[in-house]
S.K.: 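Below is the structure I would like to discuss, written out as structure tokens.
Bear in mind that the values here come from a model prediction, so they are computed numbers and not experimental data. Here, residue 1 is the first one in the sequence, and each next residue gets the next number.
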Amino acid sequence: MKISTATLALLIASVPLSAAPALAQTPAPVTAATPAAGAKVYDTAGTEVGTIKSVNAPNFVIDTGKNTATLALASLGTGPKGATIGMTREQLDAAVEKAAADAATALSAAIVADAPVHASDKTTVLGKVSEVTETEFVLDTGTTKVKLPKTSVGKADNGLFIGMTAQAFADATKAAAPAASK
């Protein structure tokens, strides 16, 4: 079996790994009406925390200027200036950064030899990890081996997954195989 060194840019581009993790919040004392994108969010002292990027009940996405985070709409209250949460900008940024670091550590720990890798449906097994380096791993599908960057996978409850369907992955590896053998 030849190992394809193709990075499969589609894998990298299609895995939503940079999405900010959802964080638990201590609700402000008074429940706010559902805010709209573009609305400012303040802490309980009235200092701006960030701007709402989007609302998709039961959550909203807030941008602090440094990070984005998905929070529960239930965490919003109303203060004198408008929507309020029970964290300062600095506390929210620190929580987002800690959650991202924890997720990266958990992902790295999951990329080990013999770990199954699933398609985007998170149930169809594409193959198993056969080799691991600092930045890459080899996915052995049983018929071919494909070298992928560690950034091309995410971690779900049942293990690793890529952001492609099984068919799209098969098509991409089939298309990459002739280029790798040249």
Side-chain angles (χ1 to χ4, degrees), residues 1-26 53-54 56-64 66-75 87 91-182:
M1 265 185 254
K2 291 192 181 247
I3 295 177
S4 172
T5 57
T7 303
L8 298 175
L10 290 173
L11 288 175
I12 298 168
S14 61
V15 176
L17 299 179
S18 61
L23 301 173
Q25 284 289 294
T26 303
K53 289 181 68 173
S54 63
N56 187 10
N59 301 314
F60 69 100
V61 176
I62 184 171
D63 183 350
T64 67
K66 183 177 179 183
N67 294 294
T68 59
T70 300
L71 304 175
L73 283 168
S75 68
M87 296 177 95
Q91 290 169 329
L92 181 56
D93 281 335
V96 168
E97 291 162 11
K98 181 181 180 330
D102 290 349
T105 298
L107 175 62
S108 183
I111 303 173
V112 296
D114 293 326
V117 178
H118 300 85
S120 59
D121 66 6
K122 299 179 184 147
T123 57
T124 305
V125 176
L126 300 173
K128 290 186 175 188
V129 174
S130 64
E131 299 172 40
V132 181
T133 69
E134 185 71 26
T135 58
E136 301 172 318
F137 68 96
V138 175
L139 174 61
D140 185 346
T141 67
T143 58
T144 189
K145 291 184 177 183
V146 182
K147 188 179 286 185
L148 298 168
K150 286 183 174 180
T151 57
S152 67
V153 294
K155 186 174 179 309
D157 290 340
N158 66 335
L160 301 171
F161 72 96
I162 63 171
M164 297 178 86
T165 64
Q167 184 61 53
F169 179 77
D171 292 345
T173 55
K174 186 177 181 180
S181 63
K182 289 183 181 179

S.K.: Can you list the residues that meet the side chain to side chain donor-acceptor pair (under 3.5 Å) rule with Ser120, with sequence neighbours excluded?
M.R.: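 Result, side chain to side chain donor-acceptor pair (under 3.5 Å) vs Ser120: none returned.
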S.K.: Please list all pairs passing the salt bridge (Lys or Arg N to Asp or Glu O under 4.0 Å) test where one or both residues lie in residues 96-106, with sequence neighbours left out.
M.R.: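 The answer is Lys66-Glu97, Lys98-Asp102.
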S.K.: With sequence neighbours left out, write down each residue that passes side chain to side chain donor-acceptor pair (under 3.5 Å) with Thr64, or none if nothing qualifies.
M.R.: Asp93
S.K.: Any side-chain heavy-atom pair from Thr173 and Thr141 closer than 4.5 angstrom?
M.R.: no
S.K.: Rounded to the nearest 0.5 Å, what's the gap from NZ on Lys122 to CZ on Phe161? Could you check?
M.R.: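 Separation between the atoms: 4.5 Å.
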S.K.: What residues, two or more places apart in sequence or in another chain, satisfy side chain to side chain donor-acceptor pair (under 3.5 Å) together with Glu134?
M.R.: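 With sequence neighbours excluded, Glu134 shows a side chain to side chain donor-acceptor pair (under 3.5 Å) to no residue whatsoever.
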S.K.: Does anything in residues 103-115 pair up under side-chain hydrogen bond (donor to acceptor under 3.5 Å, both in side chains), and if so which pairs, sequence neighbours excluded?
M.R.: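 Counting only pairs at least two positions apart or across chains, no side-chain hydrogen bond (donor to acceptor under 3.5 Å, both in side chains) contact touches residues 103-115.
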S.K.: How far apart are the closest heavy atoms of Thr123 and His118, and which atoms are they?
M.R.: O-CD2, 3.5 Å
S.K.: Not counting sequence neighbours, which residues clear salt bridge (Lys or Arg N to Asp or Glu O under 4.0 Å) with Glu136? List them please.
M.R.: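 Counting only residues at least two positions away or on another chain, Glu136 forms no salt bridge (Lys or Arg N to Asp or Glu O under 4.0 Å).
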S.K.: Quick check: does any side chain N or O of Lys150 sit under 3.5 Å from a backbone N or O of Val132, one acting as donor and the other as acceptor?
M.R.: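 No, because the side chain of Lys150 does not come within donor-acceptor range (under 3.5 Å) of the backbone of Val132.
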S.K.: Mind checking side chain to side chain contact (heavy atoms under 4.5 Å, CB included) for Thr124 and listing every partner two or more places apart, or none if nothing turns up?
M.R.: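 Applying side chain to side chain contact (heavy atoms under 4.5 Å, CB included) to Thr124 gives Ala119, Asp121, Ala166.
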S.K.: Hey, what do you get for CG (Leu107) to OG1 (Thr151), rounding to the nearest 0.5 Å?
M.R.: 9.5 Å
S.K.: If I compare all heavy atoms of Asn59 with all of Ala72, which pair ends up nearest, and what's the gap?
M.R.: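 For Asn59 versus Ala72, the nearest heavy atoms are OD1-CA, 3.5 Å.
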S.K.: Distance from Phe60 atom CZ to Asn56 atom CG, nearest 0.5 Å?
M.R.: 12.5 Å
S.K.: Testing the basics here: between Gln91 and Met87, what is the closest heavy-atom pair and its distance to 0.1 Å?
M.R.: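 Closest pair (atom of Gln91, atom of Met87, distance): OE1-CA, 3.3 Å.
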S.K.: Can you name the side chain to side chain contact (heavy atoms under 4.5 Å, CB included) partners of Ala110, sequence neighbours left out?
M.R.: Lys155, Leu160
S.K.: Report the residues that fulfil side chain to side chain contact (heavy atoms under 4.5 Å, CB included) with Val112, sequence neighbours left out, ordered by chain and then residue number.
M.R.: Ala115
S.K.: How long is the straight-line distance from CD1 of Ile162 back to CG of Leu126, given to the nearest 0.5 Å?
M.R.: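 That separation rounds to 5.0 Å.
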S.K.: Residues two or more places apart in sequence or in another chain: which of them pass side chain to side chain contact (heavy atoms under 4.5 Å, CB included) with Ala94?
M.R.: none
S.K.: What distance separates Leu71 CG from Thr68 OG1, expressed to the nearest 0.5 Å?
M.R.: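 Between Leu71 CG and Thr68 OG1, I get 10.0 Å after rounding to 0.5 Å.
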S.K.: If I compare all heavy atoms of Val129 with all of Leu139, which pair ends up nearest, and what's the gap?
M.R.: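 Heavy-atom minimum between the residues: N-CD1, 4.4 Å.
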